[in-house]
Each structure stands twice: as structure tokens, then as C-alpha cells.
Amino acid sequence: MPSRHALVRRPGPRLAEGLVTHVDRRPVDLARAMRQWEEYVQVLRDHGWRITEVDPADDCPDAVFVEDTVVVFRNVALLARPGAESRRPEVAAARAAAEALGCSLNEIRAPGTLDGGDVLKVGDTVYVGRGGRTNAEGVRQLRAVFEPLGARVIAVPVSRVLHLKSAVTALPDGTVIGYPPLVDDPAAFPRFRPVPEEAGAHVVLLGGGKLLMAAAAPRTARLLTDLGYRPVTVDIGEFEKLEGCVTCLSVRLRDLYA
Ligand SMILES: NC(=O)NCCC[C@H](N)C(=O)O
């Protein structure tokens, strides 16, 4: 029985100063962001996910995007080394949380960089985006950690968005979905289905055919409903202003050994 355990980290007081790379800076409403985050976490809880809050890293504006700090394959947690230096102090508390859950730990070491948002797992295939935040050495180290565990690691280019998972995620049947203008190489994926909205490219698999998605992608939600899935939508508008999406607000641990 797969585990349903998720790491989250509540927004800190400096959220509005979070990094922006591919979008223009817009003011962030912290109180609203807090409400949106609570709602996001509640949806996970409502679908049977046990929640662990990673300790705050309040000096780090981007700490809420906890997915970038750690990648978990089976029960091995690979601590990231974020491409943005300002985000590196976020990793320490993620290490403690992963350790407390019984994961074996490994870590990306200098000069490697890797953000968790660049890693998309589809069964035993692990796609890793080589882009602005993850360098070739980070890809090499990820391969060295996960391939001996049975992963097939495939590196793909990412140049049009912040992270691989800003461009593509995967449906429960393994089909990779993405908004074509933002996907460097759709042919990298054996089954690729285009979606009509940028935010529609991001799904979190809640279990039982339910997909957690941003409210900003109603046309994609209809398309996925038509494929037999059940979208559950949340407004994460304050996080989207900082290039966040539904995937990056949590780390899902599905294969804990317990
Ligand atoms: N995995 C993700 O998509 N993370 C979003 C991170 C957004 C944050 N403002 C950053 O630039 O690092």
C-alpha cells in the first residue's frame, strides 16, 4: 500500500520578496497567501494525506516552495542544492523532516545544483530538467544516487520556464501533460498530451483519479474531467505571482518503508 505522506512549509513573513525569473514582479498579499496555503494543505488532508510541517525558514522568502529542497525516490531522500544561493539555507530543515520520517539520506554536493522542481517521477522513470537551476553535475549526482535503486534517469532541457515541473507533470496513467509553448522538447516523453493553459500543466495526484490543480486552469480541468479524472481545484494565485504551482507547495512521499 503506497504511503500518503506530504511535507509542507508554511509561508514566511518575507514571502513577497520571493524570486521571480520568467515573470514580472507583482505585489503579494501575505494574508491571502496564508489562506490559500491553508486551503491547499486542507485538500491534501481531506484526501488522506498525512502532513508534516517542515520547520520554518523565515529568512528565506521562497521557503514555502518546499518541493525544491528534496527529492524522494522509494525511501531515499536526496537533499537538493538549490540553484539559487538564497534558497540553500532552506534545505537543513527538510533534511531533519526526511530523517524523522525514516528516509535514507543523500545529498547533492558542490559544484552540483539541483532543485526538486526539476525532477518528475513517472513510475521508475525519473525525468530531470537541465535548466536555470539544475546543472549537469546535479544531474550526474542524481543519476548516481537513484539509478542503483532501479530508476531510469532521463535528462531533458528546460529553457522556457523555471523548472521542469513548471512545464510538465504526469497523469496517473503516465501520460505527460504540458502547455506546448513552454515545453522545450515534447518528444522527450513517450506519451505527451498538450493542455490549453500554463497552469493546467501542473497536477498533483491525490489518489483514486483525483487531481489537485490550480483554479487558474478551468479549460484543462474540463479536458481532464473528460478523460475520466476528477480535478480538485485550489486558488494559489499569490504563489503563482512568484512562479509557484501546486506541485511545489509540497513533497509527496509515496513509498515510505513503514
Ligand atoms: N518547484 C517550483 O516550481 N518552485 C517554485 C519556486 C518559485 C521561487 N520563487 C523560485 O524562484 O525559486
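Indexing begins at 1, ligand by ligand and atom by atom, following the structure's order. Just so it is clear, the structure is predicted and the values come from calculations on it, not from any experiment.
Checked by atom type and distance alone, the side chain of Ser3 pairs as donor or acceptor with a backbone atom of Leu256 at under 3.5 Å. Under the 3.5 Å distance criterion, the side-chain polar atoms of Asp118 are left unmatched by any main-chain donor or acceptor of Gly131. One N or O on the side chain of Arg87 and one on the backbone of Phe65 form a donor-acceptor pair closer than 3.5 Å.
For the pair Arg133 and ligand 1, the shortest N or O to N or O distance falls below 3.5 Å.
Numbered from 1 in the order shown, with element, the atoms of ligand 1 that lie under 4.0 Å from a heavy atom of Glu67 read 1 (N). Using a 4.0 Å cut-off to heavy atoms of Gly117, the atoms of ligand 1 that qualify are 1 (N).
By heavy-atom distance, the residue among Leu162, Asp62, Val64 lying nearest atom 8 (C) of ligand 1 is Asp62. Across Gly244, Cys248, Cys60, Cys245, heavy-atom proximity to atom 2 (C) of ligand 1 is greatest for Cys248.
For Phe239 and Tyr40, the gap between ring centers reaches or exceeds 6.0 Å.
Following chains of ILVMFWY side-chain contacts shorter than 4.5 Å, one can reach Val76 starting from Val139, so the two form part of one hydrophobic cluster.
Residue Leu19 touches ligand 1 through backbone and side chain together, judged by heavy-atom distances below 4.0 Å.
When only non-hydrogen protein atoms are considered, atom 7 (C) of ligand 1 lies nearest to Leu242 O, 3.2 Å. The protein atom (non-hydrogen) at minimum distance from atom 3 (O) of ligand 1 is His163 ND1, 3.2 Å. At the shortest separation from atom 5 (C) of ligand 1 among protein heavy atoms lies Glu243 O, 3.4 Å. Protein heavy atom nearest atom 4 (N) of ligand 1, with residue, atom name and distance: Asp68 OD2, 2.8 Å.
Each of Thr113, Asp115, Asp68, Asp62 was scored for a side chain to side chain contact (heavy atoms under 4.5 Å, CB included) with Pro82, with one residue passing: Asp115.
For residues 33-52, the salt bridge (Lys or Arg N to Asp or Glu O under 4.0 Å) pairs, not counting sequence neighbours, are Arg10-Glu38.
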